Peer 1: 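Please read through the structure below; I'll follow up with questions.
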Amino acid sequence: MKALPLRSLLVSTVLLGAAVSVSAQPSYEAPPPSREVVERADQRRAEYLARVQEVIDWRIENRYDPDDWTKLDMSAIAMLLQRGEHLEAANARIIEMMQEPGTGPFWMFPTTIVSFAGRDTLSPEAKQAIREAWRTTRQLRGDTENHWVMYHTALYLTAQMYAGEDASTWANGQSSTENFIEARGWLLDWMELTTTIGQGEYNPTHYIGEYAIPMLMLATWADDPEMRQRGTMMLDWLFAELANVSLEGVLRGPNSRTDDHSVTERWYALANYFNWILFGNTPAQRGFAGWGNYFAVLAANYEVPEVIYRIAVDRDEDILQHDQARSRRIWRYSDEHMRPIYKTQYLRKHYAVGSTQGGISDPIQSHVWDVTWAEDDPRGKHPTMFSAHPHSSGRVMQMFFCTYPEPMPGGVTYEGKPSYDSADKLLGCSPYEEVVQSLDAVVALYDIPADERFPQVNGFFSKDLQDVTEDESGWIFARGGEAYLAYRPLQPYHWVDHRLWENTRDPTSAVASGSRVLVSPHPQNGTIVQAASADEFESFAAFQAAIRALPLTFSIEPHPTVRFTSLRGHEIQATYGQTPLIDGREIDFDNWKLFGGTHLNSELGSRVLTITHGRLERVIDFNDLSITERVLP
């Protein structure tokens, strides 16, 4: 049996996710797509399948070279096998790749896609090479929720393919039946958690692909009709939330996990590939964001429900959601196994505001709150404003990972999180941040211990802001697209250049992005942000005057405290360490639903999601595995 180290898993991730473009990619290079609603169902379906076809054509064109088969990766091989084209090259490349198989979910699920897409076109030798890899190479399960979903989906389907084989034919020493039962049990448990207390990796900017692709694999290839139905229902669940928290095809915050690039350029994320391919309302990512190529292999097997399409595209009213999710599992230093996450999302025509309550969630890549605005063409833009405490600690790492506290803060900076141990970073949660949101106003408070590594608050100011004005009142005013923005730091500050990393596995590769970071080096601190549409005021000056007139008092000692009345007339009272009040009433976290709002509704623990838009309704019920559609009176 061959056992490969964790580093091999990470390398496999990079290689499989990479994309190389050598010819035109129409949807990436073209002007932004029309965002007009497509009324006819047959036209929507045809346009969806055309986008799928573009991905497949482009991938094959850029990966198939009759003189060099080594350019073929797993996604291109699966596409060729499915089409029945260039089979000699595809089979030869598979045999070659199986000589040194990878390990872990990022090897397992592409290999499973190849096995099923090529059931009728893989040669006996290539099939045997794949089977031998499963027999000889130990597969690591990974350490995050998306890893486990990919791992168990691949194990479930592969055990189904090789049903009845004994333990000697599997590297993990279990029989096909044992692997199938284990994988099925884990997948059902994950679906149960997600539909009762929420997803751990909620609103992820990239990892939605690592959930959507496995669910589409189940919906397409599971022999058990129950598992096929579950796969389809989970896709609806995931895509309904994606549509609901995206503005003109771009996912907004808060996010359980994002990265240094996507947290500022909000379009630069795999999530927005799904907005493009499902709804056609944003430009496609370069190279279809790597994993998007794998979704395309199976995409024809999913039908986008009209109610979800209209939530994404047909926006005649504001969206307000109060939803619940959960943190990842906490192993140490806490009485909570999975902490509840309370999300607020408010989306309007020109901008969106989103937040969680702050505190610990994902220790490395979470993004707690932001105000973002719409851009006609989001490519290369930084349409967002927020603040964060740059927390970095081995102790918090130990809460979530089985590791020693000393090496990990520095070590993760070479694993795709280059900013983690930097004072000017903008990514990640802090145990010393508390946030409250009322519609389009946010108050974030920070009470950072004096001995904390980076006792400061960082605020992000985009290169794409217009008319940035540091007012004598203490407010900073700016325009972002068709939104007016007001940012009030509670303590003095200075400016530094914002940095982006050219190589996410090299923390020394940062370059200036053109945006700026407001650094407020005071541990007791706070930020207030108020957004509004430009068309609500006669002028920018009128907006500024309205903000200056808003009632605001605050203090720093003994703990940061703010009393602020927003533009919408709601009074926010927030004191660090206490439950915040809106209009004199404590926020009722105890009765916060799994989904509660304009388009998505679900009672905590119910396993039922009701999706509505206008008179359209779709009910996803995991109690009896039913999908019910109706047109309301």
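What you see is a predicted model, and the numbers here were worked out from it, not measured in a lab. We're numbering straight along the sequence, starting at 1.
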Peer 1: Using side-chain contact (heavy atoms from CB on, under 4.5 Å) as the criterion, point out the one residue from Val353, Leu320, Asn203 that pairs with Gln345.
Peer 2: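 Of Val353, Leu320, Asn203, side-chain contact (heavy atoms from CB on, under 4.5 Å) with Gln345 is met by Asn203 alone.
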Peer 1: Is it true that Ser27 and Glu54 share a donor-acceptor pair across their side chains at a distance under 3.5 Å?
Peer 2: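 Indeed, the side chains of Glu54 and Ser27 share at least one donor-acceptor pair under 3.5 Å.
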Peer 1: Show, in sequence, the C-alpha distance, side-chain angles and deciding distance for Arg83 and Asp57, and conclude whether the salt bridge (charged side-chain N to carboxylate O under 4.0 Å, His left out) test is met.
Peer 2: CA-CA 11 Å; Arg83 280 185 169 185; Asp57 290 343; 2.3 Å; yes
Peer 1: Return yes if some donor-acceptor pair links the side-chain N/O of His152 with the main-chain N/O of Trp148 below 3.5 Å, else return no.
Peer 2: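 A pair under 3.5 Å: yes.
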Peer 1: So that I know where these two stand, are Trp190 and Tyr211 an aromatic pair - ring centroids less than 6.0 Å apart?
Peer 2: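 Yes, they do, as the ring centres are separated by less than 6.0 Å.
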Peer 1: Is the Trp276-Tyr48 ring centre distance short of 6.0 angstrom?
Peer 2: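 No; Tyr48 has its ring centre 6.0 Å or more from that of Trp276.
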Peer 1: What's the spacing between Leu594 CG and Ile197 CD1 if we round to 0.5 Å?
Peer 2: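 Separation between the atoms: 9.0 Å.
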Peer 1: Under 6.0 Å between ring centres, would you say that holds for His322 and Phe595?
Peer 2: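 When the ring centroids of His322 and Phe595 are compared, they turn out to be at least 6.0 Å apart.
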Peer 1: Does either side chain, that of Ser262 or that of His206, offer a donor lying less than 3.5 Å from an acceptor on the other one?
Peer 2: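 A donor-acceptor contact under 3.5 Å links the two side chains.
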Peer 1: Is the distance between the ring centroids of His613 and Tyr309 less than 6.0 Å?
Peer 2: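 So the answer is no for these two rings.
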Peer 1: Any chance you could lay out the side-chain contact (heavy atoms from CB on, under 4.5 Å) test for Phe564 and Gln530, step after step, and finish with the verdict?
Peer 2: CA-CA 10 Å; Phe564 171 63; Gln530 171 75 65; 4.0 Å; yes
Peer 1: When you check the side-chain N and O atoms of Arg266 and Thr372, is any donor under 3.5 Å from an acceptor?
Peer 2: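 No, because no side-chain N or O of Arg266 sits under 3.5 Å from a partner of the opposite role on Thr372.
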Peer 1: Could you go through the side-chain contact (heavy atoms from CB on, under 4.5 Å) check for Leu155 and Glu182 one step at a time?
Peer 2: CA-CA 9 Å; Leu155 190 64; Glu182 176 190 314; 4.2 Å; yes
Peer 1: Would you call Asp370-Arg252 a salt bridge at under 4.0 Å N-O?
Peer 2: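 Salt bridge flag = no for Arg252 with Asp370.
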Peer 1: Before you tell me yes or no, could you show the steps for Glu317 and Lys349 under salt bridge (charged side-chain N to carboxylate O under 4.0 Å, His left out), namely the whole-Å CA-CA distance, both residues' side-chain angles and the distance that decides it to 0.1 Å?
Peer 2: CA-CA 8 Å; Glu317 59 180 339; Lys349 181 177 181 181; over 6 Å; no
Peer 1: Report the C-alpha distance between Arg618 and Glu306 in whole Å, list the side-chain angles of each, state the deciding distance to 0.1 Å, and finish with yes or no for salt bridge (charged side-chain N to carboxylate O under 4.0 Å, His left out).
Peer 2: CA-CA 9 Å; Arg618 187 177 180 92; Glu306 180 175 358; over 6 Å; no
Peer 1: Salt bridge check, Asp440 against Arg568: does any charged N sit closer than 4.0 Å to a carboxylate O?
Peer 2: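 A salt bridge links Arg568 with Asp440.
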Peer 1: Verify the neighbour count for atom CD of Glu36: are there more than 12 heavy atoms of other residues, nucleotides or ligands below 6.0 Å?
Peer 2: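 Open: at most 12 neighbouring heavy atoms sit under 6.0 Å from CD of Glu36.
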Peer 1: Is it the case that the ring center of Phe239 lies less than 6.0 angstrom away from the ring center of Tyr302?
Peer 2: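 Yes, ring centres under 6.0 Å apart.
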Peer 1: Between Glu47 and Arg40, does any NZ, NE, NH1 or NH2 come within less than 4.0 Å of an OD or OE carboxylate oxygen?
Peer 2: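 Salt bridge absent between Arg40 and Glu47.
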Peer 1: Could you pull out the closest heavy-atom pair between Leu298 and Ile113, with the gap in Å?
Peer 2: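 Minimum heavy-atom separation between Leu298 and Ile113: CD1-CD1, 4.2 Å.
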Peer 1: Is the distance from the ring center of Phe295 to that of Phe274 below 6.0 Å?
Peer 2: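 For Phe295 and Phe274, the ring centres are under 6.0 Å apart.
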Peer 1: Looking at Asp583, I want to see if its CG is surrounded by more than 12 non-hydrogen atoms of other residues, nucleotides or ligands under 6.0 Å.
Peer 2: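 More than 12 within 6.0 Å, yes.
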Peer 1: So that I know where these two stand, are His350 and Trp373 an aromatic pair - ring centroids less than 6.0 Å apart?
Peer 2: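 Distance test on ring centres: not under 6.0 Å, no.
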Peer 1: Quick one about Gln437 and Ser355 (side-chain donor to acceptor, distance below 3.5 Å, no hydrogens or angles considered), yes or no?
Peer 2: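 Ser355 vs Gln437: donor-acceptor pair found between side chains.
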Peer 1: Is the side chain of Arg315 donor-acceptor paired with the backbone N or O of Ile311 at a distance under 3.5 Å, no angle test?
Peer 2: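 Yes, because the side chain of Arg315 sits within donor-acceptor range (under 3.5 Å) of the backbone of Ile311.
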Peer 1: Of the non-hydrogen atoms in Trp221 and Gln160, which two are nearest, and what is the gap between them?
Peer 2: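 Taking Trp221 first and Gln160 second, the nearest heavy atoms are O-NE2, 3.0 Å.
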Peer 1: Which heavy-atom pair separates Gly231 from Leu218 by the least distance, and what is that distance?
Peer 2: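 Taking every non-hydrogen atom into account, CA-CB, 4.4 Å.
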Peer 1: Any chance CG of Asn623 has more than 12 other-residue heavy atoms, nucleotides or ligands included, within less than 6.0 Å?
Peer 2: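 Yes, because the 6.0 Å sphere around CG of Asn623 holds more than 12 heavy atoms from other groups.
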Peer 1: Verify, without hydrogens or angle tests, whether Arg51 (side chain) and Ile277 (backbone) share a donor-acceptor contact under 3.5 angstrom.
Peer 2: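 Side chain of Arg51 to backbone of Ile277: a pair is present.
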Peer 1: For residues Val608 and Ser602, report the shortest heavy-atom separation together with the two atoms involved.
Peer 2: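 Closest approach of Val608 to Ser602, heavy atoms only: O-OG, 2.6 Å.
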Peer 1: Taking NZ, NE, NH1 and NH2 as the nitrogens, is one of them in Arg328 or Glu201 under 4.0 Å from a carboxylate oxygen of the other?
Peer 2: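 Not counted as a salt bridge, because no side-chain N and carboxylate O are separated by less than 4.0 Å.
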Peer 1: Can you list the steps and then say if Met217 with Thr112 is a side-chain contact (heavy atoms from CB on, under 4.5 Å)?
Peer 2: CA-CA 9 Å; Met217 292 165 66; Thr112 304; 3.8 Å; yes
Peer 1: Got a salt bridge between Glu145 and Arg329, using NZ or NE/NH1/NH2 to carboxylate O under 4.0 Å?
Peer 2: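 Judged by the 4.0 Å cut-off on N to carboxylate O distance, Glu145 and Arg329 do not form a salt bridge.
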Peer 1: Under 4.5 Å between any side-chain heavy atoms of Ile582 and Ile587, yes or no?
Peer 2: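 In short, these two side chains touch, coming nearer than 4.5 Å.
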Peer 1: Could you tell me how the ring of Trp592 sits relative to the ring of Phe589: parallel (under 30°), tilted (30 to 60°) or perpendicular (over 60°)?
Peer 2: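 Ring orientation of Trp592 relative to Phe589: parallel.
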Peer 1: Okay, side chain of Arg479, backbone of Leu485: is any donor-acceptor separation there less than 3.5 Å?
Peer 2: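 Checking the backbone N and O of Leu485 against the side chain of Arg479, no donor-acceptor pair under 3.5 Å is found.
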Peer 1: Val149 versus Glu210: any side-chain heavy-atom pair under 4.5 Å?
Peer 2: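 Answer no - side chains too far apart.
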Peer 1: Strictly below 4.0 Å, N to O, side chains only: are Arg348 and Glu536 in salt-bridge contact?
Peer 2: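 Salt bridge present between Arg348 and Glu536.
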Peer 1: What's the shortest heavy-atom distance between Ala352 and Leu347, and which atoms?
Peer 2: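 In this case the closest contact between Ala352 and Leu347 is CB-CG, 3.8 Å.
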Peer 1: If you take all heavy atoms of Trp58 and Gly287, which pair is closest and at what distance?
Peer 2: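 Looks like CH2-CA, 3.6 Å.
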Peer 1: Would you mind reporting whether Phe622 and Arg230 have side-chain heavy atoms less than 4.5 Å apart?
Peer 2: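 Touching, per the 4.5 Å side-chain cut-off.
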Peer 1: Under the side-chain contact (heavy atoms from CB on, under 4.5 Å) rule, what do Gln229 and Ile627 come out as? Steps first, then yes or no, please.
Peer 2: CA-CA 9 Å; Gln229 178 76 346; Ile627 300 175; 3.9 Å; yes
Peer 1: Set out, in order, the CA-CA distance, both residues' side-chain angles and the distance that settles side chain to side chain donor-acceptor pair (under 3.5 Å) for Tyr202 and Ser361, then state yes or no.
Peer 2: CA-CA 10 Å; Tyr202 54 89; Ser361 176; 3.2 Å; yes
Peer 1: State plainly whether the residues Glu248 and Arg35 are in salt-bridge range, i.e. N to O under 4.0 Å.
Peer 2: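 Looking at Glu248 and Arg35, the cut-off is met.
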Peer 1: Does the side chain of Pro283 reach to within under 4.5 Å of the side chain of Asp377, using non-hydrogen atoms?
Peer 2: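 A side-chain contact exists here, since the closest heavy-atom pair is under 4.5 Å.
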Peer 1: Where does the angle between the aromatic ring planes of Phe288 and Tyr273 fall among parallel (under 30°), tilted (30 to 60°) and perpendicular (over 60°)?
Peer 2: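 Plane angle over 60°, so perpendicular.
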Peer 1: Give the C-alpha distance, both sets of side-chain angles, the deciding distance and a yes or no for side chain to side chain donor-acceptor pair (under 3.5 Å) between Asn275 and Thr282.
Peer 2: CA-CA 7 Å; Asn275 277 321; Thr282 194; over 6 Å; no
Peer 1: Is there a side-chain contact between His147 and Arg141 (heavy atoms, below 4.5 Å)?
Peer 2: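 When only atoms from C-beta onward are counted, Arg141 and His147 do not touch, as no gap falls below 4.5 Å.
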Peer 1: Run the side chain to side chain donor-acceptor pair (under 3.5 Å) test on Gln365 and Asp259 for me, step by step, so that the C-alpha distance in whole Å, both residues' side-chain angles and the decisive distance to 0.1 Å come before the verdict.
Peer 2: CA-CA 6 Å; Gln365 292 184 295; Asp259 60 46; 5.9 Å; no
Peer 1: Check whether the ring centres of Tyr207 and Trp291 lie less than 6.0 Å apart, and answer yes or no.
Peer 2: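 No - the distance between ring centres of Tyr207 and Trp291 does not fall below the 6.0 Å cut-off.
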Peer 1: Parallel, tilted or perpendicular: which fits the ring planes of Phe537 and Tyr484, with parallel below 30° and perpendicular above 60°?
Peer 2: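 If you compare the ring of Phe537 with that of Tyr484, the planes turn out tilted.
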Peer 1: Show your reasoning for whether salt bridge (charged side-chain N to carboxylate O under 4.0 Å, His left out) applies to Glu265 and Lys381.
Peer 2: CA-CA 6 Å; Glu265 185 184 343; Lys381 300 293 181 58; over 6 Å; no
